[in-house]
Amino acid sequence: MKKITIPIGPQHPALKEPISLRITIEGEVVKHADVRLGYNHRGIEKLAESRTYIQNIYLVERICGICSHSHTTCYVQGVEKLCGLEVPKRGLYIRMLVCELERIHSHLLWLGVAAHEAGFDSLFMYTWRDREVVMDLLEIISGNRVHYAINTIGGVRRNLNEIQKEKILEGIKFLKKRTEYYTNLGTTEPTFVARIAGVGILPKEKAIALCAVGPTLRASGVSSDIRKDDPYAAYDEIPFDLCTADTCDVLGRVVVRVKELIESYKIVEYIIKNLPQGEIKVKAPRKIQPAEVVSRYEAPRGENIHYIKSNGTDKPERLKVRAPTLANYPATIEMLKNCFVADIPLIFAAIDPCICCAERFVELIDAKKGNSTVLSMAEIRKKYYSTETKRNVVWPL
Amino acid sequence: MAVIKALIYLLVYPGILFLFVYSTFCEWFDRKLYARLQNRIGPAYTGRSGILQPVADFLKLMFKEDIVPENADRTIFSSLPVIGLAIVLTAGLYLPLWNINVSVPSFNSFQGDIIVVLYLLSLPTLVLFLAGWHSTNFFSTLGGVRVLTMLFGYEVPLFLAVLSPAIVADSWRLAEIADFYQKFPFLLLFQIIGFFVAVVALQAKLERTPFDIPHAETEIVGGTFTEYSGKKLAFFRLMTDVEMVVGSGLIATVFLAGFSGGVFLGLLKFILKTLFVIAILSLIKAACSRIRIDQMVIFSWKYLAPLAVLQLLISIIVKGVIQ
Amino acid sequence: MKLKPAAFIPELLRHLFKRPATIEYPFEKLKVPDDFRGTPVLKSELCIVCRACVRDCPAFAIEIETLSEEEKKYKMTIHNDRCIHCAQCVESCPTKALFMNDEFEIATDSRLKLKAEYTYTRPKKSGQQSQTG
Amino acid sequence: MNQQELVEKIKLELGGKIIEINAPAERRIFLTVAAENLVDTMKILRDLFGFYHLSTISGVDTLSSFEILYHLANNVSCLTVKVSINRQNPEIPTICDVIPGAILYEREIQDLLGIVVKNIPDPRVLVLPDDWVKGNYPLRKDWNYQAPEEKIPGEKK
């Protein structure tokens, strides 16, 4: 059998964002996978060096649209540590509340995307409809659906009132019921289970060696969660369980995420019931003495780490961001080997890829080179499709 | 007179015009029902509750830019959509819609027309395979190969299931089979297994979830249709719609006792019965996730084919008891 | 784990008789919450030209031009085409001269239409304001 | 094992390899070693202390040298191994043999800071475009990017 290489991306219906996976297949079986980044670079790390600490909150928020709160919290925590601020309890609790609501929305979104990649559009529609509930809650709390902008250095920007609390509890009650229904459905519908069980195997040792993070790692049976390992905010005061699965496949990742959803509902309820009174923020200085800090955060997709170095001015010397998706790419390549072509979107979606999260380094516009070359379709074909690989697809059975 | 009648038959009812109008209506019905099952609105703006949306889509595609890949065989690539559409339209003519008197066979109703319809319904699959193969795109080629692989899965169960009512009715003529079950409707109860096998096989033939493997968009982009655009894509979409009407019409004829009662009552029955079959197809589409090609072949040979054989056995026994 | 074929069908059929969850958007609209962060608006009579908003805006969307130093006449331009609706300016403003309204359908065909300009005199004790926007 | 014990044990095991070690905050340790001791240090940290997880590799350009920071983590602490290298001839050894998951981060600092990672298993460009002009390393402090002037369509100046 002859091998051919097919491009999945940078534009492909399975990918919601641009990334290029070069897949070498033999018949319907994937033999090798390679990943090429760089389609979505915005130069955020470079840009952060020329902006003040306050402006950078909103800059890091725009690293990702789905886990926007995770980046700001990670950044803000780091800056607070740099200038030694003690954030009031109420502020921390509201911050955690948004964290968990964001986790709920991200996991529901992911469940829908996974269903869509498996061709299960009804489940996709239903989960996304129910996700609107948590989106509305976030809008009520923060004033916007995607970029909540609730964090500021030294606390949070908005307080919570009784009506909002009630609405949150109501929404969580509804979502709890729905999530239980989806768990039942997702694990009993034969066509869906057939697609996700035993697909994308990542053994425990491989997961550890390749530095996988988040649900991908936990689905391989490793109990690692920054909220437990390295409690930030006030997570050490909140009772919750760490969710793992040992099937090491896509089904395991679904199970981990659904379990985490249920844990998140519990955390939200706990936070609302035990919300401390008091201030929500303290005043922050504009300039920060030279120091360095490593801030870690458990985003819905896994460990998010920011390294911040200050130099005495009101701008950081260096801000390094590592989003969870980048850490999961080596593991994904491992998972893609020897799977079917049909499983590629599912396996890739199972790490919950956020490509714009993972790519934030460099602006790509070359100022000197103004003229772009226009290639005709024929030239592109000649360039990229050599004639000998034209019709050599092999019979799959 | 015969010529005029034949022309009306070919061009108006139940020929091209009727099939076009009705298949776009069926697509709207399918889309609307699918949307409502998913708690959405579905097509809403074109015409009353979006009823003209499929026509609008068709017209829009007709005016879109039409691109033929450089390396593709131009003639074959361009002619395949038309051939496919012609095949399914021809198959539509054999549905016993205008057979007021069964004892007088009209020119399109003859012994063995059920075989002809089944054969004509197999051809679009080959057209799709050729379309995929001639697109010279990796995704299309993969789609084409998947089309053919799937054909070996569902075709045998479909044939066995559709032919077993014919065995009981002791005829290979669609009008006669329908007429037979008009007289003995209770015999249809013995064909329930066959009905479901045929519906599932039709779902696979129409490449709808859970069998939309050849054009699974999240896996192989557009599959067979990746390189098709403009008019050609419009024809292909129309071909699938007409195929859905003809396929559900065939199932309605052999399993739901056909469309007796003259032109108007027959038309009403035709619409109701095909919509019933399409509703089941939509429900299956909404309730399942796409399976893999290997799982599909295993499913067909492990469950569908044995069930079809079982149905055949039941039919033979029933026939023996009747006689 | 038990597999149940067609486990989804009862739920699907139940929804057939329910109202759709989606709405026909341009004709029907959802309500936004009270403190929604829409478009920034300046109450020019309150502005003391401290330039805190200009300093903190992460998108450099606010500009204050001095038209005349003696008359204390200023022009603030809010570039809504750059604005990222974070409401940091509202936060930074010491006199609460800026606020966010609940407008979210601000798409237009030209970026030039998105500029909001306010010409005003800084209030001393009594000040007259003129405003164009 | 708590943080203080961990620091003491690391001091004991690594001995002379340590240039500096301090623990400024809870669950945070910063450790400075020389570039030639990096791989050994990583091996010891992984095998004896369970630092399997490499969170990321950061590079800082301090204008006099490059600081490469390896953020490792286990369930007790988050340890940052700092390596300072010469700015004229920036070279570090690869740690992919010790931690295979480091490959993407090494390729990233290779692209963005122009640091040569010796014996890297996969030296291809990861994030920069294929037609990127060689010798431009965007995250270096002396590399400045001037954004083109903003032109709004239809604007009269």
Side-chain angles (χ1 to χ4, degrees), chain A residues 47-48 51-62 68 72 120 122-123 125-126 128-130 132-133 136-150 152 157-159 161 163-164 167 178 181-182 184-194 197 247 251 255 281 286 314, chain C residues 1-16 18-23 25 29-40 51-62 82-94 96 98-106:
Chain A
L47 210 54
R51 299 192 173 211
T52 62
Y53 286 103
I54 296 232
Q55 289 175 333
N56 274 337
I57 301 172
Y58 306 102
L59 181 65
V60 295
E61 185 161 49
R62 267 128 192 105
S68 61
T72 52
F120 200 172
S122 303
L123 184 59
M125 296 290 174
Y126 279 47
W128 278 42
R129 179 198 65 194
D130 296 337
E132 283 305 307
V133 174
D136 285 346
L137 292 182
L138 284 166
E139 196 181 8
I140 289 169
I141 297 169
S142 70
N144 226 327
R145 279 163 55 95
V146 177
H147 292 302
Y148 321 118
I150 194 138
T152 189
R157 288 169 55 186
R158 288 191 186 212
N159 213 333
N161 62 27
I163 306 163
Q164 288 172 335
K167 275 188 179 160
R178 294 302 303 175
Y181 177 74
Y182 294 136
N184 265 330
L185 182 74
T187 48
T188 49
E189 169 61 41
T191 49
F192 191 51
V193 173
T247 49
L251 179 65
V255 169
K281 66 174 163 191
R286 297 193 71 86
D314 60 350
Chain C
M1 200 160 51
K2 248 174 43 204
L3 296 184
K4 268 192 295 182
F8 207 13
I9 286 182
E11 181 81 2
L12 288 171
L13 289 176
R14 209 161 57 79
H15 280 88
L16 199 54
K18 265 185 156 182
R19 263 188 60 219
T22 46
I23 56 161
Y25 165 61
K29 276 165 201 166
L30 289 174
K31 258 179 74 181
V32 292
D34 300 335
D35 42 6
F36 179 74
R37 297 201 312 270
T39 314
R51 291 193 164 86
C53 47
V54 180
R55 187 189 57 194
D56 276 349
C57 180
F60 310 112
I62 304 178
R82 288 188 211 151
C83 178
I84 58 171
H85 307 277
C86 65
Q88 177 63 41
C89 46
V90 179
E91 189 113 327
S92 301
C93 187
K96 303 215 181 326
L98 279 157
F99 72 99
M100 307 290 270
N101 65 10
D102 60 357
E103 221 167 273
F104 61 94
E105 290 169 307
I106 49 175

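These numbers were taken from a predicted model, which means no experiment stands behind them. Here is the naming used below: chain letters follow the sequence lines, and residue numbers restart at 1 for every chain.
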So, for C:C86 and A:A149, which heavy atoms are closest and what is the spacing to 0.1 Å?
-> O-CB, 4.1 Å
Answer with side chain, backbone, both or neither: which region of C:L30 has an atom nearer than 4.5 Å to a non-hydrogen atom of chain A?
-> neither
Check: A:H147 and C:I84 side chains under 4.5 Å, non-hydrogen atoms | no
At what distance, to the nearest 0.5 angstrom, does CD1 of A:I54 lie from CZ of C:R55?
-> 7.5 Å
Side chain, backbone, both or neither: which part of C:E91 has an atom under 4.5 Å from a heavy atom of chain A?
-> side chain
Looking at C:A21, C:C57, C:G38, which has the largest count of heavy-atom pairs under 4.5 Å with chain A?
-> C:C57
Minimum heavy-atom separation for C:D35 to A:R158, with atom names?
-> O-NH1, 2.9 Å
A:Q55 and C:D56: which non-hydrogen atoms are nearest, and at how many Å?
-> CG-O, 3.4 Å
Enclosure of A:N161 CG (heavy-atom neighbours >12, cutoff 6.0 Å) = yes
Between C:F8 and A:F120, does the ring centre distance come in under 6.0 Å?
-> yes
Which of the residues C:R37, C:Q88, C:M100 is involved in the greatest number of heavy-atom pairs with chain A at under 4.5 angstrom?
-> C:R37
In this structure, CG of A:N144 is separated from NE2 of C:H85 (nearest 0.5 Å) by 8.5 Å
Look at the rings of A:Y126 and C:H15 and say which category their plane angle falls in: under 30° parallel, 30 to 60° tilted, over 60° perpendicular.
-> perpendicular
Drop me the distance from A:L185's CG to C:E11's CD, to the nearest 0.5 angstrom.
-> 8.0 Å
So, for C:P58 and A:R51, which heavy atoms are closest and what is the spacing to 0.1 Å?
-> O-NH1, 2.6 Å
Is the side chain of A:R129 donor-acceptor paired with the backbone N or O of C:T22 at a distance under 3.5 Å, no angle test?
-> no
